[in-house]
Amino acid sequence: MKIGIIGAGNIGGNLTRRLTALGHEVAVANSRGPHTLTALAEETGASPVTASEAALGAQVVVVTVPLKAVPELPAGFLDGAAEGAAVIDTGNYYPQQRDGRIDAIEDGLPESRWTEQQIGHPVIKAFNGTYAQDILDRGRPQGTPGRQALPVAGDDSTAKQAVRDLIDELGFDTVDSGSLDESWRQQPGTPVYGSQGDVDAIVKALSEASQERTAEWRA
């Protein structure tokens with residue numbers, strides 16, 4: 001597949017490494033420009049591009065930038081994506097640690113619903129509670145006992161399935177965590193956030209989530 005990745009931090013960089021190794025054609029962008037991605041490109045064979053170019057022709061686009069940077073993404077950056085492209089949002093709201101106050105999220109809007117509104121395209125929430133190193137180290141063949149599972153939320157069943165299939169290819173099981181309105185179940189501070197559990201553990205953790213934000217995760 002042709003995959004665009006916007007954001008080359010820990011998650012974006014390791015997804016670039018794994019997806020190129022699996023044979024996908026990856027274009028990767030960051031906020032500082034393609035010239036700063038030379039080492040990653042040489043390591044992986046990915047194409048370093050601008051954020052405006054990353055989604056061109058892509059069947060999957062991964063948006064993995066700090067939440068505060070989402071409104072700064074180039075206007076129309078998804079316009080050239082393949083028809084029906086799945087857009088993955090890996091983002092988390094860290095008001096005290098990084099992002100500052102976002103009123104709509106403080107008022108209860110799920111983080112990925114806010115991101116969807118900013119970019120004007122439906123998103124699938126995945127990888128947001130995953131340790132970046134796990135993407136490199138913990139993938140296992142399908143059927144392996146105790147295989148780590150990742151929650152995946154979103155409204156578009158076709159796009160969600162495409163994302164779940166890609167995660168399976170990376171070596172992880174998935175759990176459908178519901179619509180994007182239910183994606184608060186996998187936000188920071190919930191039991192599933194940072195979990196390395198299998199399907200049963202992830203299902204249990206999602207069921208135990210509270211919609212009330214704890215003080216650590218509020219502005």
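Throughout, numbering of the chain's residues begins at 1 and tracks the sequence.
Scored by the side-chain contact (heavy atoms from CB on, under 4.5 Å) test, P48 finds P34, L37, A41 as partners (sequence neighbours excluded). Remark: D168 engages Q142, R147 in a side-chain contact (heavy atoms from CB on, under 4.5 Å) (not counting sequence neighbours). Here D198 pairs with D200, A201 under the side-chain contact (heavy atoms from CB on, under 4.5 Å) rule; sequence neighbours left out. S52 meets the side chain to side chain donor-acceptor pair (under 3.5 Å) test with no other residue; sequence neighbours excluded. Listed by chain and number, the residues in a side chain to side chain donor-acceptor pair (under 3.5 Å) with R138 are Q148 (sequence neighbours excluded). When the side-chain contact (heavy atoms from CB on, under 4.5 Å) test is applied to K204, the partners found at least two apart in sequence or on another chain are E208. The side chain to side chain donor-acceptor pair (under 3.5 Å) search around D107 returns none, not counting sequence neighbours. Contacts of S177 classified as side chain to side chain donor-acceptor pair (under 3.5 Å), with partners at least two apart in sequence or in another chain: Q186.
Without hydrogens or angle criteria, N128 side chain to N92 main chain gives no donor-acceptor distance under 3.5 Å. At least one donor-acceptor pair closer than 3.5 Å links the side chain of K125 to the backbone N or O of G91. Counting only distance, with no hydrogens or angles, the side chain of T115 and the backbone of S112 share no donor-acceptor pair below 3.5 Å.
Within the 4.5 Å cutoff, the side chain of E106 has heavy atoms near those of the Y93 side chain. Within the 4.5 Å cutoff, the side chain of I102 has no heavy atoms near those of the P95 side chain. In this structure the side chain of D155 reaches within 4.5 angstrom of the side chain of R113, judged on heavy atoms.
Considering all non-hydrogen atoms of both residues, A153 and K160 come closest at C-CE, 3.9 Å. Closest approach of I202 and A149 over heavy atoms only: CG1-O, 3.5 Å. Nearest heavy-atom pair, P110 versus D181, reported as atom, atom and distance to 0.1 Å: CG-O, 3.7 Å. Nearest heavy-atom pair across I124 and D156 is CD1-O, 4.0 Å. In terms of heavy-atom proximity, P151 sits nearest to V192 at CG-CG2, 4.1 Å. Of all heavy-atom pairs between R218 and Q96, the closest is O-NE2, 2.7 Å.
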Check: Are T50 and E53 close enough, and set up right, to give a side chain to side chain donor-acceptor pair (under 3.5 Å), and what steps lead you there?
Finding: CA-CA 5 Å; T50 67; E53 300 167 324; 3.2 Å; yes
Next on the checklist: Using the rule given for side-chain contact (heavy atoms from CB on, under 4.5 Å), can you reason through V28 versus T44, listing the C-alpha separation, both sets of side-chain angles and the distance that settles it, and then say yes or no?
Outcome noted: CA-CA 11 Å; V28 60; T44 63; over 6 Å; no
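Residue Y193 is found in a hydrophobic cluster whose other members, listed by chain and number, are Y94, W217; membership requires side-chain heavy atoms under 4.5 Å apart, directly or through intermediates.
If you take CD on Q196 and CG on L150, they are separated by 10.5 Å, rounding to the nearest 0.5 Å. Taking CE from M1 and CG from L19, the interatomic distance works out to 8.0 Å, rounded to the nearest 0.5 Å. Rounded to the nearest 0.5 Å, atoms CZ (R185) and OG1 (T190) are 10.0 Å apart.
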Table please: side-chain donor-acceptor pairs of residues 8-16 below 3.5 Å, with sequence neighbours left out.
| residue | atom | partner | partner atom | Å |
| --- | --- | --- | --- | --- |
| N14 | OD1 | R17 | NH1 | 2.9 |
| N14 | ND2 | A132 | O | 3.0 |
| T16 | OG1 | G12 | O | 2.8 |

Return a table of donor-acceptor pairs under 3.5 angstrom between the side chains of residues 56-64 and protein atoms on other chains or two or more places apart.
| residue | atom | partner | partner atom | Å |
| --- | --- | --- | --- | --- |
| Q59 | OE1 | K2 | N | 2.8 |
| T64 | OG1 | T90 | OG1 | 2.8 |

Show which side-chain atoms of residues 71-87 pair as donor or acceptor with protein atoms under 3.5 Å away, not counting sequence neighbours.
none

